[in-house]
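For reference, the structure discussed in these notes is given below.
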Amino acid sequence: MRCTLLAIVFGTLAVGGMPLAQHGEHGKGGVKTLSQKDIIEKLDGKKAKATMLEVTLAPGEVEAAHRHPGPAFGYILEGEYEWAIDDNKPKIFKAGDTFYEPTGCLHGVGRNPSKENKTRFIATVLHPENAKDLVIPEKEKK
């Protein structure tokens, strides 16, 4: 599993290393698009792309709950990352760990648990070619 994820992540980087727009919805620490590439596989019968992002979270920073329009794969580069999807219990990942989010699941917990160190991770999102947003904010319940 880890070898497959690393192949996807680094393969995407190798074929499309041009910098693209920032994605401020994911975290205030910073989100950079590292690459974006058309892929042969289709998602739900639609043409698809793979987009690779580098996410940096400042100490204690919390991401807003969100969803992705396709499956997402993550690799922790630095620090720790507290993460949970749907109704699962939160897990803490450390540098070298990987995670997977199925299409449309609720990424309800995403935060840097450290009070001193930043967190950095690579996220690769497979998504329909015409997806307007890779990070879809969850609407607050009233």
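Only this structure's heavy atoms are used, side chains among them; waters, hydrogens and symmetry mates stay out.
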*Is the Y81 to F99 ring centre distance short of 6.0 Å?*
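Yes, the ring of Y81 comes within the 6.0 Å limit of the ring of F99, centre to centre.
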Nearest 0.5 angstrom please: [X] [atom1] to [Y] [atom2], how far?
X    : Y    : atom1 : atom2 : answer
T124 : L34  : OG1   : CG    : 8.5 Å
Q36  : E129 : CD    : CD    : 9.5 Å
C105 : D87  : SG    : CG    : 11.0 Å
T33  : L53  : OG1   : CG    : 5.0 Å
I136 : L106 : CD1   : CG    : 11.5 Å
T119 : F93  : OG1   : CZ    : 12.5 Å

Side chain of [X], backbone of [Y]: donor and acceptor closer than 3.5 Å?
X    : Y    : result
D38  : K49  : no
N112 : L57  : yes
R67  : G104 : yes

Close side-chain approach of [X] and [Y], heavy atoms under 4.5 Å:
X    : Y    : value
K115 : P59  : no
E63  : V55  : yes
P102 : I85  : yes
L126 : I39  : yes
L77  : F121 : no
H127 : L134 : yes
P71  : Y100 : yes

Is the closest side-chain donor-acceptor distance between [X] and [Y] under 3.5 Å?
X    : Y    : answer
E80  : S114 : no
T103 : H68  : no
H66  : E138 : no

*Considering non-hydrogen atoms only, spot the tightest contact between M52 and I122 and give its length.*
CG-CG2, 3.6 Å
*Where A131 and P69 come nearest, the two heavy atoms and their spacing*: CB-CG, 4.1 Å
*Using the rule that two of Ile, Leu, Val, Met, Phe, Trp, Tyr join whenever any of their side-chain heavy atoms come within less than 4.5 Å, decide whether L43 and F73 are in one cluster.*
yes
*Partners of R120 by salt bridge (Lys or Arg N to Asp or Glu O under 4.0 Å), sequence neighbours excluded?*
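Listed in chain order: E54, E78.
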